[in-house]
Amino acid sequence: YMQQIRLPAGLAGTSGAYTIIQAENTWGATVDGSTTVPAYGATLFLDGGGSGISYVQVVGIKFASSPSFTGGQVPISVYSSNHIKLQKIAGYNAACTDNIAVIGVTNSSYVLVEDSHAWGCGRYKFLSYQSQNIIFRHDVARHDYHSGSWSSQCAQFIMYDSTNVLMQNDISVDSGASDGSTGNLYGGIWSENNGALDNSG
């Protein structure tokens, strides 16, 4: 039983040898952060920080948070990292009131999220934020509910201040409901650009 997976930068792989975290049976293992808020705010936390995490692959694991949490805990976070593969993973039960995603890719590059699904609360299900060269492929999103300041501004798949983002053969469920808290304003796919990216360091 685990409540969080946080991979330190020292355990990163190389271009020829990814560090792999994999369930023995696909979707047969759950990392459950729903009873205790893990440090660093995510159930799966790949954070490059100052030195960067690269060449990591996560396969076949479900990651849970809790709808009742506040403070920004998310099920899956890729932050300041590159060359990351998330395949056959699942995320669910993000907080219902915070400005967060179920599967969030932030300040990162060359990230693949494939054959995966996300559901429950959370403002976004699949988010690319201030990132480059991101692929969401063969993913399924279901937006069940979200409240708070952003109750009507929700989306299943979102490209937010990001470049070179591909969404290939993805499925969005329940975005057309009449209640704004279920994401009918932004809908299934949304592209947001609030300013030019600054990659100067």
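Aromatic ring orientation, H117 versus W27: perpendicular (interplanar angle above 60°, classes split at 30° and 60°). Ring geometry, H83 versus Y55: the interplanar angle falls under 30°, so the pair is classed parallel (tilted spans 30 to 60°). Ring pair F126/F157 is parallel by interplanar angle, where below 30° counts as parallel and above 60° as perpendicular. Below 30°, between 30° and 60°, or above 60°: for Y186 and W190 the angle between ring planes is below 30°, a parallel geometry.
At a cut-off of 3.5 Å, with distance as the only test, no side-chain donor of T163 or Q132 sits close to an acceptor on the other residue. A side-chain donor-acceptor contact under 3.5 Å links S54 and N82. When only modelled atom types and interatomic distance are considered, D32 and S34 share a side-chain donor-acceptor pair under 3.5 Å.
Between R142 and D144 there is a salt bridge, since at least one side-chain N of the basic residue sits less than 4.0 Å from a carboxylate O of the acidic one.
For the pair Q87 and Q57, the minimum side-chain heavy-atom distance is below 4.5 Å. Between V31 and I61, some side-chain heavy-atom pair lies under the 4.5 Å cut-off. Side-chain contact between M159 and I189 is present, with heavy atoms from C-beta onward closer than 4.5 Å.
For the pair D139 (side chain) and D170 (backbone), a donor-acceptor distance under 3.5 Å is absent. Judged purely by atom type and a 3.5 angstrom limit, S131 uses its side chain to pair as donor or acceptor with the backbone of N107. Q156 places a side-chain N or O within donor-acceptor distance of the main-chain N or O of V173, the cut-off being under 3.5 Å.
The OG atom of S108 lies 8.5 Å from the OH atom of Y79; values are rounded to the nearest 0.5 Å.
Using a 4.5 Å cut-off between side-chain heavy atoms of Ile, Leu, Val, Met, Phe, Trp and Tyr, with links allowed through other members, I76 and I21 fall into the same hydrophobic cluster.
The list of side-chain hydrogen bond (donor to acceptor under 3.5 Å, both in side chains) pairs with a residue in residues 94-103, not counting sequence neighbours, reads N99-R123.
Applying the side chain to side chain donor-acceptor pair (under 3.5 Å) test to N133 and every residue at least two apart in sequence or in another chain returns Y110, N164.
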